[in-house]
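This report refers to the structure that appears directly beneath it.
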Amino acid sequence: ATLKSNKSIESSRSIKFRQALVISQFVISGVMLTSVSIIAAQMHKVQTLEPGYQTKNIILATHPALHTANRGSIQNVKYQISKITGVQMVALAMPTIPGKFSQKMLASRQGDAASNVIELQQAQLAGPDDLKVFNIKLLAGQYFSAPVNADEITTGMQDKIYINQQALAPLGFKTADEAINQKIHVVYGPTFKMPMTIMGVTPAVHIGSFNAPDLPAFFWPISSTGTPIGFAIRYEGGDRNAIQEKIKIIWKESLGYMPNTWSIEDAIADEYKNENLIARFIYIFTGIAIFISCLGLYGLSAHAAGKRKKEISLRKVNGASVLNIVTLLLWQFSKPVLFANIIIWPIALYATSRWLEQFVNRIDIWQWGPLFCLASAAIAILIAWLTVGGQAYLVAREKPINALREE
């Protein structure tokens, strides 16, 4: 009867109810722990996505009044910024992620039938150096060159474009070299098609929002010399904040007002600010849920150990070692954790698969999900062992006589 004291003292209903509470605690914390692992992996994938252009060490600067400044003042600002220590290149550029200002356009190769019209994403460039400042190389062709003579300068639409590697196959080109100097017709109205000459082919550049699919696109310059919309400044090393402060001082002295400055990294982070905020809350609440589960498990183990003092003492008198006693107690509290994982896995996988639907570039939940489930289960069991193990060890080390002589 003493060896079964934990069952004889209580009714089976109270034991089952307590086990159900423990299982419920670990189901909640286990679902959150598994979900956190998958969310962290997805956010890592998003934040390390290689879009085909430089995303670090680029500062963007703009102001609504910049387009009204005279060309001389703009060139002076550009020159002064280029002299800042660490600055590698300064160019008039769209003050945002490349391709953010884009729209779908119908296009076809010169001479193709009307049925061979495809959709291309038109990504606007402020000027000839827009791609260079983002360190976008060319697979074939050459970069735009600004006109040397003043009479060659036009501020209207240009007829020279780049295309990205994703556009080669839709346009019927087998290689990048084959596309150079070929013409495509872009539809700008019901009766107007503009012929454009392909001057260069970029690698596989992801344009626009990071949470959008890769699209075949062409890069079109608004101006042959650069439209004063904003500056992109690429730098190497140095303190970003210090460089930004110097840029602001130069603008203030040359143009009379302070620019708005931010970095490409900030712009990318802004793309996922809601997701990052949700992830932070989930991380915090997961920690709280695990902590509460540990408190509950510790209280339960202390309660059970107290109820089983005589049983443990008799086992020691009959030859059980400290390791035998600790193993016995650990296994007792591992069973509800293991059972909880049977419930955890389908809930966590279903919930995170629905959350992942908002991402175009996402991890394969059915490939990585089971691994995260196994890892989370191992962490949950380890937490349970650490929580219960100390209590079990202290009880197992007690002298049997202290418990047996109470009667």
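Residues take their numbers from the sequence shown, with the count starting at 1. All values derive from a computational prediction rather than experimental measurement.
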Applying salt bridge (Lys or Arg N to Asp or Glu O under 4.0 Å), can you list everything that pairs with [X], at least two apart in sequence or on another chain?
| X | answer |
| --- | --- |
| K132 | D129 |
| K174 | none |
| E236 | none |
| E253 | none |

Mind checking whether [X] and [Y] have side chains closer than 4.5 Å, heavy atoms only?
| X | Y | answer |
| --- | --- | --- |
| I39 | Q42 | no |
| L139 | P203 | yes |
| M199 | N181 | yes |
| I198 | I161 | yes |
| K160 | M196 | no |
| L168 | V201 | yes |
| N164 | F219 | yes |
| I59 | I243 | yes |

Apply side chain to side chain contact (heavy atoms under 4.5 Å, CB included) to T202 and I163, showing your working. CA-CA 6 Å; T202 74; I163 63 171; over 6 Å; no
Enter the distance from [X]:[atom1] to [Y]:[atom2] here, rounded to the nearest 0.5 Å.
| X | Y | atom1 | atom2 | result |
| --- | --- | --- | --- | --- |
| I207 | D214 | CD1 | CG | 9.5 Å |
| R362 | I38 | CZ | CD1 | 13.5 Å |
| L60 | I233 | CG | CD1 | 7.0 Å |
| I58 | I264 | CD1 | CD1 | 5.5 Å |
| I288 | I28 | CD1 | CD1 | 13.0 Å |
| Q88 | R234 | CD | CZ | 5.0 Å |

How far apart are the closest heavy atoms of [X] and [Y], and which atoms are they?
| X | Y | value |
| --- | --- | --- |
| K273 | D270 | CD-OD1, 3.2 Å |
| N341 | A377 | OD1-CB, 3.2 Å |
| P228 | L92 | CA-CD2, 4.0 Å |
| A61 | T261 | CB-CG2, 3.9 Å |
| P195 | D159 | O-CB, 3.8 Å |
| G52 | I136 | O-CG1, 4.0 Å |

Looking only at side-chain N and O atoms, does [Y] offer a donor or acceptor that is under 3.5 Å from a partner on [X]?
| X | Y | result |
| --- | --- | --- |
| K183 | T197 | yes |
| S102 | Q121 | yes |
| S254 | N76 | yes |
| S321 | N324 | yes |

Given side chain to side chain contact (heavy atoms under 4.5 Å, CB included), test H185 with M194 step by step and report yes or no. CA-CA 5 Å; H185 289 162; M194 183 173 180; over 6 Å; no
Tell me if the [atom1] atom of [X] is crowded by more than 12 foreign heavy atoms within 6.0 Å.
| X | atom1 | value |
| --- | --- | --- |
| Y143 | OH | yes |
| Y350 | OH | no |
| Q367 | CD | yes |

So the salt bridge (Lys or Arg N to Asp or Glu O under 4.0 Å) pairs with at least one residue in residues 258-268 (sequence neighbours excluded) are K56-E265, R240-D266
Quick one: list whatever passes ring-ring contact (aromatic ring centres under 6.0 Å, His included) with Y162, sequence neighbours left out. F144
Under the ring-ring contact (aromatic ring centres under 6.0 Å, His included) test, residues paired with W345 that sit two or more places apart: none
Check: [X] side chain, [Y] main-chain N or O, donor-acceptor pair, under 3.5 Å:
| X | Y | result |
| --- | --- | --- |
| T55 | P51 | no |
| T62 | I229 | yes |
| S82 | Y79 | yes |
| S73 | A69 | no |
| Q358 | W355 | yes |

Assign the ring pair W251 / F231 to parallel, tilted or perpendicular, where the plane angle (0 to 90°) is split at 30° and 60°. perpendicular
By side-chain hydrogen bond (donor to acceptor under 3.5 Å, both in side chains), S353 pairs with (sequence neighbours left out) none
Of all residues at least two apart in sequence or in a different chain, which pass the side-chain hydrogen bond (donor to acceptor under 3.5 Å, both in side chains) check with W385? S334
Apply side chain to side chain contact (heavy atoms under 4.5 Å, CB included) to the pair L171 and I118, showing each step before the final yes or no. CA-CA 8 Å; L171 287 171; I118 63 167; 3.5 Å; yes
Checking V27 now: which residues fulfil side-chain contact (heavy atoms from CB on, under 4.5 Å) with it, not counting sequence neighbours? I23, V31, A340, I343, I344
Hits for side-chain contact (heavy atoms from CB on, under 4.5 Å) against L371, two or more places apart or cross-chain, chain-then-number order -> W368
I need the full list of ring-ring contact (aromatic ring centres under 6.0 Å, His included) pairs touching residues 28-70, with sequence neighbours left out, sorted by first then second residue. H63-Y257
How far apart are the C-alpha atoms of F359 and N361, what are their side-chain angles, what is the distance that settles it, and do they pass the side chain to side chain contact (heavy atoms under 4.5 Å, CB included) test? CA-CA 6 Å; F359 297 95; N361 297 292; 6.0 Å; no
